[in-house]
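One structure below.
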Amino acid sequence: MEQKRFEKQLAFLVEADKMKTIFRRTRLITENRREDDAEHSWHFALTALVLLEYAKEDVDINHVIQMALVHDLVEVYAGDTFAYDEQGYQDKEQRELAAADKIFGLLPDEQGRRLRALWEEFEAFETKEACYANAIDRLQPFINNAKTQGHTWREGSVTSAQVYKRMDAVRLYAPELWPFVTAVIDDAIEKGYLKP
């Protein structure tokens, strides 16, 4: 074992543990508290695995799961930006790029570059794996909203148009799941969880 290499890996893993302290707006289905970034990343990875058959194209699920595991690591420093927070998105990219330099820079060079490349691929939304991953990243909290009477939508005064726009990745990259999405949105409008 190369001691310096291991020390860098250990420092990264200790820092990544802070994802458990970054709380998102999404409520757990039990509604007793907000979901943290680590829980979201795990549930995103599991959802991607379970729903793989609905991907529009054949994708490398191992690659998708790796993206799921690293896609929110930057939030250790940049914080979570609520999906419907227009003001928060104004400086999101700058905050996250600086955070990426810091978090991935903790690792040995080649590992840091590899994990950062996964994060950048997810953010770029260009490969078939990144497109499927982004669709599932949006679907996972959507399911939680469906099962918590639209908690986050109601809290954020979110409109159905905003949700349709956010969920369009599902229509494009997991189209068999789109009828589920539209049915949930219609139900949420009818029940007053989403503004029409």
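This is a predicted model, so every value here is computed, not measured. The analysis underlying the following values was restricted to heavy atoms, covering all of them including side chains, and did not include hydrogens, waters or symmetry mates.
The environment of CD in Gln3 is crowded: more than 12 heavy-atom neighbours from other residues, nucleotides or ligands sit within 6.0 Å. Within 6.0 Å of atom CD in Gln94, more than 12 heavy atoms from other residues, nucleotides or ligands are found, so the atom counts as buried in its surroundings. For Lys195, the NZ atom sits in a loose shell: 12 or fewer heavy atoms of surrounding residues, nucleotides or ligands are nearer than 6.0 Å. No more than 12 heavy atoms of other residues, nucleotides or ligands sit less than 6.0 Å from atom OH of Tyr54. Within a 6.0 Å radius of CD in Glu190, other residues, nucleotides and ligands contribute 12 heavy atoms or fewer. Under a cut-off of 6.0 angstrom, the local environment of CG in Asp58 is sparse, with at most 12 non-hydrogen atoms contributed by other residues, nucleotides or ligands.
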* Under the side-chain contact (heavy atoms from CB on, under 4.5 Å) criterion, do Arg166 and Val163 qualify, and how do the steps go? -> CA-CA 5 Å; Arg166 177 102 180 127; Val163 177; 5.6 Å; no
* Asked: Given Val170 and Phe142, is the side-chain contact (heavy atoms from CB on, under 4.5 Å) satisfied, shown in steps?
  -> CA-CA 11 Å; Val170 175; Phe142 179 86; over 6 Å; no
* **Lys8 vs Leu107, side-chain contact (heavy atoms from CB on, under 4.5 Å): CA-CA, chis, key distance, verdict** => CA-CA 5 Å; Lys8 287 182 174 188; Leu107 283 162; 5.8 Å; no
* Check the pair His63, Glu121 against side-chain hydrogen bond (donor to acceptor under 3.5 Å, both in side chains), reporting the backbone distance first and the verdict last. => CA-CA 11 Å; His63 194 73; Glu121 179 182 356; 2.6 Å; yes
* To do: Take Thr182 and Arg171 through the side-chain hydrogen bond (donor to acceptor under 3.5 Å, both in side chains) test and state the conclusion after the steps.
  => CA-CA 10 Å; Thr182 60; Arg171 182 183 65 80; over 6 Å; no
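With sequence neighbours excluded, no residue satisfies side chain to side chain donor-acceptor pair (under 3.5 Å) with Asp85.
In this structure, CZ in Phe82 is found 6.0 Å from OG1 in Thr152, a value given to the nearest 0.5 Å. We find the OH-CG distance between Tyr132 and Leu139 to be 8.5 Å, quoted to the nearest 0.5 Å. Distance CZ/Phe23 to CG/Asp36: 5.0 Å, rounded to 0.5 Å. Separating the CG atom in Asp37 from the NZ atom in Lys18 is a distance of 14.0 Å, to the nearest 0.5 Å. How far CG of Leu177 is from CD1 of Ile136: 6.0 Å, rounded to the nearest 0.5 Å. Atom OG of residue Ser160 and atom CD1 of residue Ile189 lie 3.5 Å apart, to the nearest 0.5 angstrom.
Annotation for Met67 and Ala130: closest pair CE-N, 3.6 Å, computed over non-hydrogen atoms. Annotation for Ser157 and Gln162: closest pair O-OE1, 4.1 Å, computed over non-hydrogen atoms. Taking each heavy atom of Asp72 and Ser41 in turn, the nearest pair found is CB-OG, 4.3 Å. The shortest non-hydrogen separation linking His71 to Ala68 is ND1-O, 2.8 Å. Across all their heavy atoms, Val158 and Leu194 have their closest contact at O-CD2, 3.4 Å. Here the closest non-hydrogen pair linking Ile61 and Ala48 is CD1-O, 3.6 Å.
With hydrophobic clusters built from ILVMFWY side chains whose heavy atoms lie under 4.5 angstrom apart, Leu49 does not share a cluster with Tyr173. A single hydrophobic cluster is not seen to contain both Ile22 and Val74; linkage of ILVMFWY side chains at heavy-atom distances under 4.5 Å, directly or through other members, places them apart. Cluster membership for Tyr164 and Tyr84, using ILVMFWY side-chain heavy atoms within less than 4.5 angstrom, is shared. Residue Val70 is grouped with residue Leu13 when hydrophobic side chains (ILVMFWY) are merged at heavy-atom distances under 4.5 angstrom, including chains of intermediate members. The cluster map of Ile, Leu, Val, Met, Phe, Trp and Tyr, joined by side-chain heavy atoms under 4.5 Å apart, puts Leu97 and Leu118 in the same cluster.
Using a 4.5 Å heavy-atom threshold, the side chains of Lys20 and Glu39 count as separate. In this structure, Leu106 and Lys102 have side chains that are not in contact, with every pair of non-hydrogen atoms separated by 4.5 Å or more.
Ion pairing between Arg34 and Glu155 holds under the 4.0 Å rule for side-chain N and carboxylate O. Glu120 has a carboxylate O that lies under 4.0 Å from a charged side-chain N of Arg116, or vice versa, which qualifies the two as a salt bridge. Salt bridge Glu75/Arg95: absent, no basic N to carboxylate O contact under 4.0 Å. For Lys128 and Glu57, the salt-bridge test fails: no basic side-chain N is under 4.0 Å from an acidic carboxylate O.
Side-chain N or O atoms of Asn144 include none that pairs as donor or acceptor with a backbone N or O of Thr26 at under 3.5 Å.
Between the side chains of Glu96 and Tyr77, no donor-acceptor pair of N or O atoms lies under 3.5 Å. Side-chain contact check for Asp137 and His40: at least one donor-acceptor pair (N or O, by modelled atom type) lies under 3.5 Å. Inspection of the Gln66 and Glu129 side chains reveals no N or O donor paired with an N or O acceptor under 3.5 Å. When only modelled atom types and interatomic distance are considered, His151 and Asn145 share no side-chain donor-acceptor pair under 3.5 Å.
The aromatic rings of Trp119 and Phe104 sit tilted, their planes meeting at an angle between 30° and 60°.
Of the candidates His43, Arg24, Arg25, Glu35 forms a side-chain hydrogen bond (donor to acceptor under 3.5 Å, both in side chains) with just one, namely Arg24.
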